[in-house]
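The next block holds one structure in the form of structure tokens; read it before the comments.
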Amino acid sequence: MKPNCTKEQLSDVIQMIKSAGLKADVSSGEYQTVIGIIGDEKRIDFEKIKLMGGVYDALRIQVPYRLISRSYIPKDVVVRVRDVPIGKDNPPVYMCGPCSVESYEQLYRIARQIKAVGAHILRGGAYKPRTSVHSFQGLGLEGLKHLKSVGKDLDMPTITEVRSEFDVKTVAKYADVLQIGARNMFNQDLIEEAAKTGKPILFKRSFAAQIDEYLSFGERIVASKNRNLILCERGIMPLGGSFKTQTRFTLDLNAVPVLRKETPFPVITDPSHGTGRRDLVLPMSRGAIATGAHGLMVEVHDRPQEALSDAAQAISPAQLGKIIRVCDLLYKTISESESPFSSDVVDGNGQQPKS
Ligand code: PEP
Ligand code: MN
């Protein structure tokens with residue numbers, strides 16, 4: 001709609017959409033209102049809509065993830081986790097902590113140290129996705145309780161993974177952000193149940209998902225009326241079954257600017273799972289911020305030799321401090337430069353795409 005369209009003009013258009021048997025999803029921005037038409041496009045005449053009063057333009061969005069596409073929401077979305085803003089041009093947000101919550105004491109010790117070096121959000125797994133049934137499976141409810149108490153005692157928002165749709169309500173009672181892990185990116189029931197809580201969702205890309213598939217599943221969160229979507233690139237499988245790499249996964253840093261171009265939602269990266277190696281967490285963190293990530297998820301342990309999961313990728317709180325210093329500096333330098341993290345990526349002919 002045009003920026004100055006009237007309420008009557010808006011409701012006329014909505015009425016026209018509804019009378020064609022389609023759904024109208026109204027998104028009111030600071031300057032403009034956008035109406036998403038959901039359903040079979042053949043039921044509506046776009047040329048007629050264009051002629052209606054107050055209409056700025058009508059266009060077909062071809063991508064399967066239209067509700068989270070930039071053509072639908074042109075401006076960057078900021079997701080707030082308590083008082084921490086994530087996305088747009090806000091400084092990088094650091095979500096850090098151990099892979100697994102092991103005890104109140106372990107989590108408190110680590111949380112205190114990472115808060116001191118600048119971490120914003122405390123992470124810790126309670127329901128762990130593990131390949132082997134013989135590995136540590138996480139403390140479950142007890143872990144959630146520790147996470148909530150440590151978060152409260154140190155005044156830090158918290159994030160933890162929810163693995164099953166049956167645990168959503170419980171996890172939502174204890175954590176500020178619900179994480180949907182790489183293994184569950186395709187789990188529709190879990191995604192929808194988690195979205196319904198209205199809480200921010202950290203939605204990780206599966207190691208076997210193309211970006212279109214990833215965004216199509218992310219679309220379900222917004223289609224379930226939850227706009228608090230945070231995307232996370234956490235590493236993909238190397239191409240070709242027998243192609244051996246020296247890392248656990250391949251952190252796909254191409255995905256960062258691609259996701260930022262495709263969607264206005266915040267994008268963070270996870271260099272810990274993306275590499276599986278503590279010596280690579282710093283360089284890949286720098287890479288993530290340099291390519292436009294809005295934040296990082298980093299696994300930290302003060303006694304990696306005692307860690308019950310993912311010890312090889314755990315960095316120390318001091319190393320995290322260094323990462324935060326370097327990444328903040330990098331962010332500052334790039335955002336002060338001529339063209340900071342623009343999502344208007346120049347196209348192949350050197351042309352700025354039309355807005
Ligand atoms: C995690 O963050 O602890 C985790 C299991 O991540 P992913 O789903 O990316 O493997
Ligand atoms: Mn882990």
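Fair warning: this is a prediction, and the values are worked out from it, not measured in the lab.
Side-chain atoms of Thr6 come within 3.5 Å of backbone N or O of Gln9 as a donor-acceptor pair. Looking at Thr291, its side chain does come within 3.5 Å of a backbone N or O of Ala288 through a donor-acceptor pair. Distance alone, capped at 3.5 Å, places no donor-acceptor pair between the Glu262 side chain and the Arg260 backbone.
No path of Ile, Leu, Val, Met, Phe, Trp and Tyr side chains, each step under 4.5 Å between heavy atoms, connects Ile323 with Leu329, placing them in separate hydrophobic clusters. Under a hydrophobic-cluster definition in which Ile, Leu, Val, Met, Phe, Trp and Tyr are linked whenever side-chain heavy atoms come within less than 4.5 Å, directly or via other members, Tyr174 and Phe166 are assigned to different clusters. Note on Val78: it does not cluster hydrophobically with Ile289, by side-chain heavy-atom contacts below 4.5 Å among ILVMFWY residues. When hydrophobic clusters are built by joining Ile, Leu, Val, Met, Phe, Trp and Tyr residues whose side-chain heavy atoms come closer than 4.5 Å, directly or via intermediates, Tyr72 is not grouped with Tyr31. Linking ILVMFWY residues whenever their side-chain heavy atoms come closer than 4.5 Å, directly or via other members, leaves Ile268 and Ile236 in distinct clusters.
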| request: Would you check, one step at a time, whether the test salt bridge (charged side-chain N to carboxylate O under 4.0 Å, His left out) holds for Arg112 with Asp302? | output: CA-CA 11 Å; Arg112 194 175 50 75; Asp302 61 343; over 6 Å; no

| Trace of the salt bridge (charged side-chain N to carboxylate O under 4.0 Å, His left out) decision for Glu142 with Lys145 | CA-CA 5 Å; Glu142 189 193 338; Lys145 290 182 179 167; over 6 Å; no

| task | Please step through salt bridge (charged side-chain N to carboxylate O under 4.0 Å, His left out) for the pair Lys332 and Glu336, ending with a clear verdict. | result | CA-CA 6 Å; Lys332 192 165 172 282; Glu336 283 165 6; 3.5 Å; yes

| message | Let's go through Ile68 and Val77 carefully: what are the C-alpha distance in whole Å and the side-chain angles of both, what is the deciding distance for side chain to side chain contact (heavy atoms under 4.5 Å, CB included) to 0.1 Å, and is it a yes or a no? | response | CA-CA 10 Å; Ile68 60 169; Val77 172; over 6 Å; no

| request: Please lay out, stage by stage, how Val171 and Glu161 fare under the test side chain to side chain contact (heavy atoms under 4.5 Å, CB included). | output: CA-CA 8 Å; Val171 176; Glu161 175 164 355; over 6 Å; no

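For the pair Cys232 and Lys204, the minimum side-chain heavy-atom distance is below 4.5 Å. Using a 4.5 Å cut-off on side-chain heavy atoms (C-beta onward), Leu253 and Met284 make contact. Residues Ile110 and Val150 are not in side-chain contact: their nearest non-hydrogen atoms beyond the backbone lie 4.5 Å or more apart. Leu59 is not listed as a side-chain neighbour of Lys50, based on a closest heavy-atom distance of 4.5 Å or more. Val281 is listed as a side-chain neighbour of Thr275, based on a closest heavy-atom distance under 4.5 Å. Two residues are said to be in side-chain contact when any heavy atoms from C-beta on lie closer than 4.5 Å; Arg303 and Gln106 fail this criterion. At a threshold of 4.5 Å between non-hydrogen side-chain atoms, the residues Lys261 and Arg70 do not count as touching.
In this structure Phe265 satisfies the ring-ring contact (aromatic ring centres under 6.0 Å, His included) test with no other residue, sequence neighbours excluded. In terms of the ring-ring contact (aromatic ring centres under 6.0 Å, His included) criterion, Tyr127 has no residue partners (sequence neighbours excluded). Applying the ring-ring contact (aromatic ring centres under 6.0 Å, His included) criterion to Tyr65, with sequence neighbours excluded, gives no partner residue. Looking at residues two or more places apart in sequence or on another chain, you find no side-chain hydrogen bond (donor to acceptor under 3.5 Å, both in side chains) involving Arg130. Evaluation of the ring-ring contact (aromatic ring centres under 6.0 Å, His included) rule for His146 yields no partner, not counting sequence neighbours. Scanning for side-chain hydrogen bond (donor to acceptor under 3.5 Å, both in side chains) contacts around Ser100 gives Ser309, with sequence neighbours left out. Applying the salt bridge (Lys or Arg N to Asp or Glu O under 4.0 Å) test to Glu8 and every residue at least two apart in sequence or in another chain returns nothing.
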Side-chain atoms of residues 84-99: list all donor-acceptor pairs with protein atoms under 3.5 Å, sequence neighbours left out, distances to 0.1 Å.
{"unit_1": "Asn90", "atom_1": "ND2", "unit_2": "Gly87", "atom_2": "O", "d": "3.0"}
{"unit_1": "Tyr94", "atom_1": "OH", "unit_2": "Asp328", "atom_2": "OD1", "d": "2.7"}

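Rounded to the nearest 0.5 angstrom, Ile159 CD1 and Leu202 CG are separated by 4.0 Å. For the atom pair CG of Leu231 and CG of Leu259, the computed distance is 6.0 Å after rounding to the nearest 0.5 Å. Once rounded to the nearest 0.5 Å, the distance linking CE of Met237 with OG1 of Thr245 reads 10.5 Å. A distance of 5.0 Å separates CD1 of Ile180 from CD1 of Ile201, quoted to the nearest 0.5 Å. Interatomic distance, CZ of Arg277 versus CD of Gln313, reported as 12.0 Å (0.5 Å rounding). Considering CD1 of Ile315 and CG of Leu320, their distance stands at 5.0 Å, rounded to 0.5 Å.
Legend: salt bridge (charged side-chain N to carboxylate O under 4.0 Å, His left out) pairs involving residues 114-128, not counting sequence neighbours, sorted by first then second residue: Arg123-Glu299. Sequence neighbours left out, the pairs with a member in residues 177-188 that pass side chain to side chain donor-acceptor pair (under 3.5 Å) are Asn184-Asn187. Residue pairs meeting the side chain to side chain donor-acceptor pair (under 3.5 Å) criterion with at least one member in residues 210-225, sequence neighbours excluded, are Glu192-Arg220.
Heavy-atom minimum distance, Leu154 versus Ala111: CD1-CB, 3.5 Å. Here the shortest heavy-atom pairing between Leu190 and Arg163 reads CD2-O, 3.7 Å. The two residues Ile230 and Pro200 have their closest heavy-atom pair at CD1-CB, 4.5 Å. Across all their heavy atoms, Val300 and Ser316 have their closest contact at CG1-C, 3.8 Å. For the residue pair Pro271 and Ser285, the shortest heavy atom distance occurs at CG-OG, 3.4 Å. The shortest non-hydrogen separation linking Gly198 to Asn228 is O-ND2, 3.1 Å.
Ile49 shares a hydrophobic cluster with Met1, Leu10, Val13, Ile14, Met16, Ile17, Leu22, Val26, Ile35, Ile37, Ile44, Phe46, Met52, Val55; the chain of contacts runs through ILVMFWY side chains whose heavy atoms sit under 4.5 Å apart.
Checked against Met156 for a side chain to side chain contact (heavy atoms under 4.5 Å, CB included), the options Leu122, Leu147, Asp176, Ile121 give a single hit: Leu122. Of the residues Asp270, Thr269, Asp252, the one that meets the side chain to side chain donor-acceptor pair (under 3.5 Å) test with Arg205 is Asp252.
Other residues, nucleotides and ligands contribute at most 12 non-hydrogen atoms within 6.0 Å of the NZ atom of Lys322. With a 6.0 Å radius and a threshold of 12 heavy atoms from other residues, nucleotides or ligands, Gln305 has its CD atom above the threshold.
Counted by atom type alone, Asp310 and His301 present zero donor-acceptor pairs between their side chains at under 3.5 Å. In summary, the side chains of Arg278 and Gln319 do not present any donor paired with an acceptor at a separation below 3.5 Å, with no hydrogens or angles considered.
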